[in-house]
Amino acid sequence: MLIRPSDADLRLIAFYLGKALLGMGIMMVPPFLLALVLGEYDSATALGIGIAVAVSVWQFAQWRWHSRAALSWSHGLVIVAASWLFGAAIAAIPLALSGHYASMLDAYFDAMSGLTTSGLAVVQDLDHMSVSMNLLRHMTHFAGGQGIVIVLLTMAASAAGDVSTLYFGEGRDERIVPNVVATARFIYLVAGTWLVAGTAALWVASLVAGFTPLRGLFHAVSLFMAAFDTGGFAPYSPSVSYYHSALIESVLIVLMVAGALSFGIHHAMWRRDPRRVWRDSELRTLGLTTTITIAFTVLGLAYAGTFIDVGPLMRKGVFTVISAHTGTGFGVNAPRLFVTDWGQVAPAVVVVAMALGGMASSTAGGIKAVRVGLTAKSVGRDIRRATQPDAAVVVTTWTQRHRRIVTDQQVRSAVTILVLFLLLYIGGAIVGVYYGFPFDQALFESTSAAASVGLSVGVLGEAPVVLKAVYIAQMWLGRLEFLAVFGLVGYGWALVRGRI
Amino acid sequence: MLIRPDRDDLQVIGFYLGKVMVGVGYVLGAPMLVAAVMGDWDDLTAFLLGAGLSISIGRLAERRFATTQQLDWSHGLVTAALSWLLGAALFAVPLDLSGHYGSYVDAYFEAMSGLTATGLTLTQDIDHMSVSVNLLRHITHFLGGQGIIIVMLTGLGSSSGQVSTLYVGEGRDDRILPNVVRTARFIYLVASVYLVVGTIALALAGLVAGFSPLRSVIHGLNLFMAAFDTGGFATNSTSISYYHSAAIEGVLIVLMVAGALSFLLHYELWRGRRREVLENLEVRTIAVTGLITTSLLLLGLARAGTFTDVGSLFRKGVFSAISAHTSTGFTVNASRMFVTDWGRIAPAALLMALALGGMASSTAGGVKGIRVGLAAKSVSRDVRRAIQPDAAVVAVTYTQRHRRRITDAPVRSAITILVLYVLLFLSGALVGVYYGVPFEQALFESTSASVNGGMSVGVLEPGTPLPMKLTYTAQMWLGRLEFMAVFALLGYGIALVRGRI
């Protein structure tokens, strides 16, 4: 029997949703201040309107739906799914007012792309965008990447019990330290340290590349947020190829990989526990798939004769695969080059790398190494069981902090999500094919959106409205790993069909 | 710890492989007889050579490895995997000698395609092939479709306890009747009733279409074997479009659907339990996926403007969709038309139908309805669990003979196999892409081979690079055995090298 959510349930959801949306306003404050300092008054007005909307929504929710009830699992899922939808709408307001977007939908697309750390962009004339507005785009990566909900609610809510269910909804189901609020604080600590160190490194690299100090700082901050949160926006339209700097690319590779590591690994490194890092099954899976995809991409590029020298081949090949595998999406060549110059094999391998994605509990998207690894382990167990005597007990283990026996339930949920991702990739590709794009290009673009990557082969640039809407839905579904969206849909269904 | 297989293990495997090889020799007797009657002396020689080779090697192995030991689980899987490899190698001998194949590899491909009920073909000048060789091609469908080992062994008088693991190794895991021999007998019964009725219906349709009585019987028999075993070979290069007959197409649709039904369902129907048809999860799943893919296909054809009138759109569209979904692979248009005339949506729908496949424990290939259904049910359980109060117990049930609750273990194995199929499709496509075939065409051909479908967009032809032919051969083998037996064979190889006593 389906139970219809009561008024109290809806009040509770609306109340927490209001709190989450306030975060969008807080996110706009640094760019707003920057706009005032730089004298970009048009941008300041747009950002001010955005902040005003966010604050009023929050105040209205506080005033109208105040609640002290505890959140349950289903509330958490609904709040998470809804806050990404509405959060993107609020973040889209200043973007739409900036005049760099052809329509409200385009602005919403970029806001969703930013918050889901995808990095696909439909912005027009990016190279002449105001500095503050450009910073806002990168701020959405940071806000989205660190998990808007966990960030905002641990700030707003004092009680740990209220937010723990939200934590599950975001697809980070590994609690590193026992208490959720303490976990969140640890996440800030790690992100803050990386922010300072990464920005400093990028700043130095940009100075070496010949930037003025102020411009260098802006680019360093923007690039850091896009790299560490595996986002993929860039301040200028040619993405990372704008810099022509091997140094910047190297720093970015380190940051992208750091962003794709789970917070469990960060925690182990923080505690100087190399055994835990080395033994981690998920990290090993990621290492293996990265090595394989890099090898095949380099092979494919060599086969297609894209580059004359080995140097550029390795540099562009390795950077692109890491950018794809970590779900970042920085490009070091023009999108159409994938189609025209990269041959057939290399782009296919890049699609595989994008589809696989980084580690769970990171900002990376895609299927995630834990699911790939568990599936492989489970198949390995089946093979071993088939070759052993009938009475032998065959188990396989998975090491993440502790060594544990892999259960059917774990594997079931891993392979389920894996299949859902595959369906999402293929479903988006079929819509692309329907609108007349070749299947391989449509699959590339669809995978890029669904795995929160952001690499493009140029399909997005010519996409009709429906296809853009499909990519928005894919980014949303892929980032929330389905469950929260299913929760929202089920909740809607229960509202209509459920009994009291 | 890995245990190295000892001499006893290898002996029992060798013994049963020998039995299968002898069986292959006997089966070659049927086309031999036809060749003698028709006076195809060249082909008669080829069959004699093939049969002599099979029976002598087989008998030798039986004598050398004689044992009364039981097959355990791993023996069964390894024997199954090897029998398919060896069986194809032996059937390839007379095919190669017929002179219609570019090389022994091509003939091997053809034999594997036949045994796995795939239907991809590398035959050259098929329109001038002798009746007896052509019959052999279709007999491989029948043999492979019904489960080569089980046919051979139960036919040659082995007892149930000895061969039950082989039955599972061949990807047939529901035991309808208490023991495997009785299950196999039931399978023969159903197959032979369909054989008689189906062949008569097709022969009549052939007569109406204007064939002479003898030719209509030959075509009827061949088409029956290709359709009911969801194979897809045809006696002529133009497949079913050769006949230009709506009556033949109609009978074939019935036979293809019958072939894609599981033997469990045949059994229930035989027993007059019609409720099962309505309630069975797998039937329902296939009804839904069949409707979706067929309508998408028709929509795509209409959009691409492939046909000018509605009649031929429906006739060709529905036939192709059913041929793909049951993984038969009969076509009613030239292969290249899929690329040049069908637009983009319709081939994509066909690809989806191919990938989904028929029912488990039928002769159809593909991911199979039960796996798709279980995966969908499991997702719906997750959704319902997500929206119910934390303490609610959420149970999702499905019906297959009985009403059952969804548990983690079957869902895990269903989805794992599903993922393995998808990987098989994609990796085959990558090999094609490496050899310069456009991605979508490579994916189509690779999927068609992996699901034992047999539709082609023209990528496969006698001039295809050797590694691609070998890849497709391996895909057909892996797809038909549903991975497990092949994995066991691999594991056995590793254990032989690396294991300890």
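The chains referred to below are lettered A, B, ... by the order of the sequence lines, with proteins before strands, and numbering in each begins at 1.
- For a residue to count as touching a neighbouring chain, one of its non-hydrogen atoms must lie under 4.5 Å from one of that chain's; by this rule A/L443 touches chain B with the side chain only.
- Here A/D440 is the residue among A/V489, A/L488, A/D440 with the most heavy-atom pairs under 4.5 Å with chain B.
- Contacts between B/V486 and chain A at a heavy-atom distance below 4.5 Å are absent for every atom of the residue.
- Separation of atoms CD1 (B/I406) and CZ (A/R412) is listed at 9.0 Å; rounding is to 0.5 Å.
- Residues A/D382 and B/F483 fail the side-chain proximity criterion, which asks for heavy atoms closer than 4.5 Å.
- By the 4.5 Å heavy-atom criterion applied to side chains, B/R344 and A/Y434 are not counted as neighbours.
- A/F439 CZ to B/F444 CZ: the interatomic distance, rounded to the nearest 0.5 Å, is 12.0 Å.
- The distance from the OG atom of B/S413 to the CG atom of A/D408 is 8.0 Å, given to the nearest 0.5 Å.
- Rounded to the nearest 0.5 angstrom, A/I417 CD1 and B/I415 CD1 are separated by 9.5 Å.
- Using a 4.5 Å cut-off between heavy atoms, A/P5 makes no contact with chain B at all.
- The most heavy-atom pairs under 4.5 Å with chain A, out of B/G436, B/S378, B/A495, B/P5, come from B/S378.
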Worked check of side chain to side chain contact (heavy atoms under 4.5 Å, CB included) between A/V379 and B/T416:
CA-CA 7 Å; A/V379 172; B/T416 305; 3.4 Å; yes

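- Annotation: cation-pi pair A/R384/B/F487 absent, no NZ/CZ under 6.0 Å from the ring centroid and within 45° of its normal.
- Heavy atoms of B/R381 lying under 4.5 Å from chain A belong exclusively to its side chain.
- For CZ of A/F296, the number of neighbouring non-hydrogen atoms (other residues, nucleotides, ligands) closer than 6.0 Å is 12 at most.
- The shortest distance between side-chain heavy atoms of B/V379 and A/T416 falls below 4.5 Å.
- Heavy atoms of other residues, nucleotides or ligands lying less than 6.0 angstrom from CG of A/D7 number 12 at most.
- Within the 4.5 Å cutoff, no side-chain heavy atoms of A/V345 are placed close to those of B/L430.
- Of the atoms belonging to B/V433, heavy atoms from both backbone and side chain fall under 4.5 Å from chain A.
- A/V433 places none of its side-chain heavy atoms less than 4.5 Å from the side chain of B/E440.
- Residue B/L420 touches chain A through its side chain alone, counting heavy-atom pairs closer than 4.5 Å.
- At least one donor-acceptor pair under 3.5 Å links the side chain of A/Y303 to the backbone N or O of B/Y434.
- Only the side chain of B/L443 comes within contact range of chain A, with at least one heavy atom under 4.5 Å from a heavy atom of that chain.
- The CD1 atom of A/I430 sits 8.0 Å away from atom CD1 of B/I345, with the distance rounded to the nearest 0.5 Å.
- With a 4.5 angstrom heavy-atom cutoff, A/L418 touches chain B only via side-chain atoms.
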